[in-house]
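A, B, ... follow the sequence lines: proteins, then strands. Residue 1 opens every chain.
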Amino acid sequence: MLDIQFIRDNPELVAEKSRQKGYVVNIEKLLEVDKNRIKVGQEVEKLNQQRNQLSDQLKQGKPTDEQIAEGKELRERQQSLSQTLSGIEDEYLKLLKTVPNLPEDDVPVGASEDENVEVKVWGDKPSFDFAPKSHWEIGEARDWIDKERAAKVTGSRFAYLKGELVQLQFALIQFTMNSLGDETLIAKLISDNNLNLKPTAFVPILPPVMIREDMYDQMDRLEPREDRYHIDGDDDNLWLIGSAEHTLGSMYAGEILDEKQLPLRYLGYSTSFRQEAGTYGKDTEGILRMHQFDKLEMEVFSTPETSREEHLLLVAIQEYLMQQLGIPYHILMKCTADIGKPNARGVDLEAWLPGQDKYRETHTADYMTDYQSRRLKTRVRKDEGTQLIHTNDATAFAMGRTMIAIIENYQTADGKVRVPGVLQPYLGGRKQI
RNA sequence: GGAGAGGUGCAAGAGUGGUUGAAUUGGACGGUCUCGAAAACCGUUGUGCCAGCAAUGGUACCGAGGGUUCGAAUCCCUCCCUCUCCGCCA
């Protein structure tokens, strides 16, 4: 949610930036409701004051009938006006929630993902003296991926992953946790990128994969809910998470953190669930787009002053990880239409997939500023007072897509897959699977 | 699933209708003392909103939402959560 004071002060700017992101917001209406909300709120407060004054007078002796009648009347007026106020507040909140976070100035303006801007290309695309295969061809040939039986048991967009592919996933997890848990490495990435941040290591987390509806909404990740899975229970109102971000980012809701604790850097590992609404017929081959996939996700809580650099650090970490695997990639600055509603800035990393002869998204880094924490009420206590904290989230590795990239880039003529050097220690030293 | 207990400030914990935004203790911070520290003593120590240049004033908040009452942290209802015992179970 955006700061109402900022919207009051900059209505045109907010309207224009929202438009750039593709959101239709009625700022005029919002400000009108806001004004009314303040006015009625003041009237309610006035009545409360009168009630308090009266009960102050009455607390000694026994009240007279007139005084009781007066108190009753005040109460009734207060109740009816409060009801009016809560109606206004509901409308206010509903309108305010429609306003997206504002893109930073360096976010390219664009109407669709086609206008994302390539800002960096890394690595040499591998050349093969044979026609490179897609990951699904290799995966099925090696009996690593079984989608037919998954379809029978669970439906489309599910898969059984088997054999060496599973071992590869666990190797990847080990490698990433060891890397991001290394304070020396974090310090190096910070200094290599000329950042001014603390070298705090990432703490691994296994978060819940279900989330309460109110928390989901406060993270601004519930919508579009057609893409979410709802859990039908007796009296609970739970949803499956679409990313570890959802239960990581909300974990300090309602809390005031000490500035000295920050930044808090977490590496969450969880399964993610997505209905993939509106993607019928898209990416039906292989395991690129599944209803269920595992992901290592970074989440950082920081002060407002350091959050932008934390965002840059997360992108640097993503690049580092991909470089360690030796997978060619390019970096895209996402345009205004493609960064999410809570984003102020977003960067995608797309890996080169020789089997499909194109780049595909494997990583994303989201810079949220205080947009999420305003509703979550996660704050930091400083000498000058309290402030909303800033959140950042970014993919460390989406397991499925990363393995796709490994399979396709490291395939050999005889249908095997070479193991990137950094992962070999976690696969019993095997150089090829 | 059955039976019970409970959710109060940074923490522990008192408070069962008005004098409580909240006792007490601890922690943290500031000060006195000291070469310095400890101890002791003194003081400070919640958040949001509204008005105001500010000082400040007003208002709300004792898990959440409703209700009773002139008046609710205190009484009633619903929900959420935590804990204990039993049962079941990875």
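Just one of A:E137, A:M403, A:H135 meets the side chain to side chain contact (heavy atoms under 4.5 Å, CB included) condition when paired with A:I145; it is A:H135.
Side-chain nitrogen and oxygen atoms of A:R212 include none within less than 4.0 Å of the OP1 or OP2 phosphate oxygen of B:rC80. A:R51 has no side-chain polar atom (N or O) that falls below the 4.0 Å cut-off from OP1 or OP2 of B:rC70. For A:S55, no side-chain nitrogen or oxygen approaches OP1 or OP2 of B:rA72 to under 4.0 Å. A close approach under 4.0 Å does occur between a side-chain nitrogen or oxygen of A:Q79 and OP1 or OP2 of B:rU68.
Remark: the separation of the P atoms in B:rG21 and B:rG46 is 15 Å, to the nearest Å. Using atom P as the reference point in both B:rG2 and B:rA64, the two lie 27 Å apart (nearest Å). With P as the reference atom, B:rG15 and B:rU68 are 29 Å apart, rounded to whole Å. The separation of B:rG67 from B:rA72, taken at their P atoms, amounts to 12 Å, rounded to a whole angstrom. Taking atom C1' in both B:rU24 and B:rU45, one finds a spacing of 16 Å when rounded to whole Å. A distance of about 15 Å separates the P atoms of B:rU78 and B:rA5, rounded to the whole Å. As rounded to the nearest Å, B:rA73 and B:rG13 have C1' atoms that lie 15 Å from one another. Comparing the same atom, C1', in B:rA22 and in B:rU47 gives a spacing of 15 Å after rounding to whole Å.
Among B:rC50, B:rC70, B:rG58, the nucleotide with an atom closest to any side-chain atom of A:R8 is B:rC50. The side chain of A:R75 lies closest to B:rC70, out of B:rC50, B:rC70, B:rU68. Side chain of A:N48, nearest nucleotide from B:rA60, B:rA51, B:rG48: B:rA60. Checking B:rC10, B:rA51, B:rC70 against the side-chain heavy atoms of A:R381 singles out B:rC10 as nearest. Side-chain proximity of A:Q42 to B:rG71, B:rU47, B:rA51: nearest is B:rA51.
Following rounding to the nearest Å, A:E259 (CD) and B:rA28 (P) show an atom-to-atom distance of 19 Å. In this structure, the CD atom of A:E76 is 13 Å from the P atom of B:rG67, given to the nearest Å. Between the CD atom of A:Q67 and the C1' atom of B:rG71 there is a distance of 12 Å, rounded to whole Å. Counting to the nearest Å, the C1' atom of B:rC10 and the CG atom of A:L257 are 13 Å from each other. Per the geometry, CD belonging to A:Q83 stands 11 Å off C1' belonging to B:rG66, to the nearest Å. Remark: P of B:rA51 and CD1 of A:I38 are 6 Å apart, rounded to the nearest angstrom. A:Q5 has its CD atom 14 Å from the C1' atom of B:rG48, to the nearest Å. In this structure, CG of A:D214 is placed 13 Å from C1' of B:rG65, rounded to the nearest angstrom.
The aromatic rings of A:Y367 and A:H311 sit parallel, their planes meeting at an angle under 30°, below the 60° perpendicular limit. A:F175 and A:F397 have tilted rings, their planes meeting at an angle from 30° to 60° on a 0 to 90° scale.
Pair assignment for B:rC83 gives B:rG4, based on Watson-Crick or G-U wobble hydrogen-bonding distances that are each under 3.5 Å. With a 3.5 Å ceiling on both atom-pair distances, the Watson-Crick or G-U wobble partner of B:rU32 is B:rA40. Pairing for B:rA72 is absent, judged as Watson-Crick or G-U wobble with the two contacts each under 3.5 Å. The partner of B:rG65 is B:rC77, judged by Watson-Crick or G-U wobble contacts that both fall below 3.5 Å. In a base pair of the Watson-Crick type (N1 to N3 plus N6-O4 or O6-N4) or a G-U wobble (N1-O2 and O6-N3), with each distance short of 3.5 Å, B:rC88 is matched with no nucleotide. Under the Watson-Crick or G-U wobble criterion, with both distances below 3.5 Å, B:rA51 is paired with B:rU56. In this structure, B:rG27 and B:rU45 make a Watson-Crick or G-U wobble pair, each of the two defining distances being under 3.5 angstrom.
In this structure, A:N52 reaches the sugar-phosphate backbone alone: every heavy-atom distance under 4.0 Å involves primed, P, OP1 or OP2 atoms, never a base. The residue A:R379 sits close only to the backbone: its heavy atoms come under 4.0 Å of sugar-phosphate atoms, none of a base. Residue contacts shown for A:E73 are absent, as no nucleic acid heavy atom lies under 4.0 Å away.
Side-chain atoms of A:T306 and A:T303 include a donor-acceptor pair closer than 3.5 Å.
Projected onto RNA chain B by closest heavy-atom contact, A:K72 and A:Q50 fall at different nucleotides, the more 5' of which corresponds to A:Q50. Place A:A69 and A:K46 on RNA chain B by their nearest nucleotides, and A:K46 ends up nearer the 5' end.
For A:H246 and A:Y216, the ring centers sit closer than 6.0 Å to each other.
A salt bridge links A:D366 with A:R221: the closest approach of a Lys/Arg side-chain nitrogen to an acidic carboxylate oxygen falls below 4.0 angstrom. Checked for salt-bridge contact, A:R19 and A:E16 meet the test: a charged N lies under 4.0 Å from a carboxylate O. A salt bridge does not link A:D34 to A:K39: none of the charged side-chain nitrogens sits closer than 4.0 Å to a carboxylate oxygen.
With hydrogens and angles ignored, a donor-acceptor pair under 3.5 angstrom links the side chain of A:E45 to the base of B:rG58.
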